[in-house]
Amino acid sequence: MIIGTPKEIADLENRVAMTPASVKQLIKLGHECLIEKGAGERSQFSDKEYEDAGAKITQTAVDLYAQADVIAKVLPVTIDEVKLVKEEQSIISFFYPAQNEELLSALNEKKATVMAMDMVPRISRAQKMDALSSMANIAGYRAVIEASNNFGRFFTGQITAAGKVPPAKVLVIGAGVAGLAAIGAAQSLGAVVRAFDVRPEVAEQIESMGAEFLFLDFEEDGSGDGGYAAPSSPEFREKQLALFRDQAADVDIVVTTALIPGRDAPKLWLEDMVHSMKAGSVIVDLAAERGGNCDLTQKNEKIVTENGVTIIGYTDFPSKMASQASTLYATNIRHLVDDLTPDNDGLIDHNMDDDIIRGVTASREGAITFPPPAPKVQAIAKPQAKEKPKELTAEEKKAAELAAFKEDTKKQFAILGAGALLLWLVGSFAPASFMQHFIVFVLSCFVGYHIIWNVAHSLHTPLMAVTNAISGIVIIGALLQVGSSSWVVIFLAFISILIATINIVGGFLVTRRMLAMFQKS
């Protein structure tokens, strides 16, 4: 098959759907690659690089559409570009079928196969094709860079001869892919980072990145299907807004990322919150394309309010990092084409029984196939609600502790009684010489175990703790036998002490070397 990539005609779009690196991979799959002249220039990929990779250059988009079997784009084709699409041609791009019904119908009339990269199902096998996550990752990172460019102070705290500079305080609302990328970028710049999300399961991810998770004292799980957040109840929203109002006067930078696909962005940062922020503060609204999370956001604009707060509503953050974004997006497409070419023979096998291929297909052979059915395998299951343990009063806690102590005491007496009975039975039938050695063995086990086992595992691994406990038992038993009248017993005891000591010391030395690998020089 011939896969062609035209130049993106939108003014703010600098990305390209095919890179020289992806050309090489597509050729290995048996495909031919076409690229429109100058298509990669805004992403810093020259025509010569494409030719060196094995692609052919076409002078115009008309030539490219006429020759290619598959068109790979970033943005959906425009109505003007639909005129260039051939009968039964395949289109791979971001498409958003729910918002482009007219365009989908126009392509369906030509029996075109439309594959929407924004419809890749969220299952484990499809992660390498998840173009939305790739672009959200870039958007979150770029949002923090944009904020730092408009913020008049350091992100990191400093102590200088001229005085102390406090670190910037960053609040990230929404901890999806974009939010986590923003948290990582802000944290690496030295800011104090706080984050909020309606899904309680992301708290651990946020804290693992060094940020503070803002907990809301309200019983509601905001987890939705496919890893997205679910719409909040009015009561939860009021609590949420109260939390944001408390933060507004304290934070310097706010990055909002809350957006549910196919819906308008929820208003989370209201006008009164903007007015309570300090002069010089910055708000970056990543949901600007769907109305924005901030009341005052203007799509594709940067404004400064009367109280000196900068609000950035750009919708082209990935396009501002066109080279990186194109590389990731072209890789996503290449992985999709890889699934479409199972035999690496350059022939497309559009298997509608495959969850991924079925999920991305919005139109095929004159039939609109959007919306797709739910995938057979769910990648992100909604977590089971955990029952909150009942709060105990001081008297109930004391009673529970006393009951547990009595239970442990009963078990200890039972074990001691069983041990004493065992010793009595053995002593009733065994000779005195055997009992002497048997008691030494029991004592060495008890003492050796407790001497070594009580060493904290932070000093050595649990595996070393077990082996050292055994070695401790051997040493204690051997020491008790050193005073024997038999030279054979003394010799064996000496060998036992030597070998067990080597094992213990060697274990600690090996562990020390292992721990040193994780220490900063």
Side-chain angles (χ1 to χ4, degrees), residues 12 15 74 94 96 117-120 122 127 129-150 155 170-189 191 193-199 201-211 213-214 222-224 226-230 244 251 253-269 282-294 297 299-300 302 311-322 324-329 332 379-380:
L12 297 176
R15 292 171 291 178
V74 179
F94 285 117
Y96 309 102
M117 292 300 292
D118 50 284
M119 294 296 296
V120 172
R122 289 200 158 183
Q127 288 181 356
M129 310 170 205
D130 191 353
L132 283 179
S133 293
S134 297
M135 299 303 104
N137 183 27
I138 294 174
Y141 173 84
R142 179 69 189 202
V144 173
I145 301 303
E146 204 72 35
S148 68
N149 188 45
N150 288 273
F155 261 52
V170 178
L171 172 62
V172 179
I173 300 177
V177 176
L180 292 174
I183 290 169
Q187 187 74 19
S188 65
L189 289 173
V193 185
R194 303 164 187 169
F196 176 82
D197 197 286
V198 297
R199 298 164 296 170
E201 67 267 20
V202 303
E204 186 177 345
Q205 300 176 44
I206 291 170
E207 291 172 350
S208 70
M209 298 181 72
F213 182 74
L214 300 178
S223 303
Y228 292 107
F244 294 159
V251 297
I253 293 167
V254 178
V255 179
T256 66
T257 70
L259 187 62
I260 300 173
R263 304 188 185 189
D264 291 336
K267 296 298 182 184
L268 301 177
W269 205 258
V282 180
I283 300 172
V284 184
D285 195 339
L286 292 181
E289 190 166 1
R290 299 291 296 175
N293 296 134
C294 177
T297 298
K299 185 176 178 179
N300 290 324
K302 179 179 77 172
I311 303 176
I312 299 171
Y314 300 151
T315 61
D316 61 338
F317 285 111
S319 189
K320 290 180 182 296
M321 300 179 66
Q324 182 66 75
S326 297
T327 299
L328 294 179
Y329 181 65
N332 294 142
I380 306 173

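Along the sequence shown, residues carry numbers from 1. Values in this document were obtained by computation on a predicted structure and should not be read as measured data.
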[atom1]-[atom2] distance between [X] and [Y], expressed to the nearest 0.5 angstrom:
| X | Y | atom1 | atom2 | value |
| --- | --- | --- | --- | --- |
| Asn137 | Leu132 | CG | CG | 12.5 Å |
| Tyr141 | Glu146 | OH | CD | 12.0 Å |
| Gln205 | Phe213 | CD | CZ | 10.5 Å |
| Leu189 | Ile253 | CG | CD1 | 9.0 Å |
| Ile138 | Phe317 | CD1 | CZ | 12.5 Å |

Donor-acceptor pair, side chain of Arg290 and main chain of Arg263, under 3.5 angstrom
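It does hold such a pair.
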
Check whether any side-chain N or O of Asp285 sits under 3.5 Å from a backbone N or O of Gly313 as a donor-acceptor pair, and report yes or no.
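No, Asp285 side chain to Gly313 backbone: no donor-acceptor pair under 3.5 Å.
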
Of all the heavy-atom pairs spanning [X] and [Y], show the shortest one and how long it is.
| X | Y | result |
| --- | --- | --- |
| Arg15 | Ser326 | CA-OG, 3.3 Å |
| Phe244 | Leu268 | CD1-O, 3.4 Å |
| Ala186 | Val193 | CB-CG2, 3.8 Å |
| Ala143 | Leu286 | CB-CD2, 3.9 Å |
| Ala265 | Ala258 | CB-O, 4.2 Å |
| Asp130 | Arg122 | OD2-NE, 3.9 Å |

Flag side-chain contact, heavy atom, 4.5 Å: [X] against [Y]:
| X | Y | answer |
| --- | --- | --- |
| Leu12 | Asn300 | yes |
| Thr297 | Trp269 | no |
| Asn150 | Lys302 | yes |
| Val144 | Val170 | no |
| Leu328 | Met135 | yes |

What class does the angle between the rings of Tyr329 and Phe94 fall in, given that below 30° is parallel, 30 to 60° is tilted and above 60° is perpendicular?
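Answer is parallel, since the angle falls under 30°.
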
With Lys299, which residues qualify under side-chain contact (heavy atoms from CB on, under 4.5 Å), at least two apart?
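For Lys299, the residues satisfying side-chain contact (heavy atoms from CB on, under 4.5 Å) (neighbours in sequence not counted) are Glu289, Thr315.
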
Checking Ala175 now: which residues fulfil side-chain contact (heavy atoms from CB on, under 4.5 Å) with it, not counting sequence neighbours?
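Applying side-chain contact (heavy atoms from CB on, under 4.5 Å) to Ala175 gives Leu180, Asp197, Val202, Ile206.
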
Would Ile312 and Val282 satisfy side chain to side chain contact (heavy atoms under 4.5 Å, CB included), going step by step from the backbone distance to the final call?
CA-CA 8 Å; Ile312 299 171; Val282 180; 4.1 Å; yes

